[in-house]
Amino acid sequence: MTLENISNIEGLFEVINECKGRVELVSPEGDKINLKSRLAQLLAVAGVFSSGYIRELELNVEDAEAMNRILEFAVTGESLEENK
C-alpha cells in the first residue's frame, strides 16, 4: 500500500499503534521496518520526514482491518473511532 502527502504524522502513528498485526515501512531497496516500534517511529520522523509531511510512504500491512483503518486515516485524516 502506498500513502501520499500525509501531514498528520503523529495521527498516522497513533492509528498504526492501534492496528493488529505487523505494519512495516518498506524502503525503496526492499528493507522492512516495523512501524509499531516507537524507536522506529522516532527514527522515521527524525530522519526521513523532517519536512513536516510524508510525501510518499510504502507500507506492508499484515491485517486487512488494519489496512482499512490506515486507508481511512489517509483519506480523512482521522481514525475510524473519531468518525463515529
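Not a single side chain to side chain donor-acceptor pair (under 3.5 Å) links N34 to another residue, sequence neighbours left out. With sequence neighbours excluded, the residues forming a side chain to side chain donor-acceptor pair (under 3.5 Å) with E58 are T2, listed by chain and number. D63 meets the side chain to side chain donor-acceptor pair (under 3.5 Å) test with no other residue; sequence neighbours excluded.
With hydrogens and angles ignored, the 3.5 Å screen pairs no side-chain donor or acceptor of K20 with any backbone N or O of E62.
Rounded to the nearest 0.5 angstrom, M67 CE and E72 CD are separated by 14.5 Å. Taking CG from L57 and CD1 from I9, the interatomic distance works out to 9.5 Å, rounded to the nearest 0.5 Å. Atom CZ of F13 and atom CG of N8 lie 10.5 Å apart (nearest 0.5 Å). Atoms CD1 and NZ, on I16 and K36 in that order, are 9.5 Å from each other to the nearest 0.5 Å.
Pairs of residues two or more places apart, or lying in two chains, that qualify as salt bridge (charged side-chain N to carboxylate O under 4.0 Å, His left out) and include a residue from residues 22-31 are R22-E24.
Between K32 and L25, every side-chain heavy-atom pair lies at or beyond the 4.5 Å cut-off. Contact check for L35 versus L59: side-chain heavy atoms found under the 4.5 Å cut-off. Considering only heavy atoms from C-beta on, I33 stays 4.5 Å or farther from S27 through its side chain. The shortest side-chain heavy-atom distance between L3 and L12 falls under the 4.5 Å cut-off.
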Q | From CA spacing to verdict: side chain to side chain contact (heavy atoms under 4.5 Å, CB included), C19, I70 | A | CA-CA 9 Å; C19 291; I70 294 168; 4.2 Å; yes
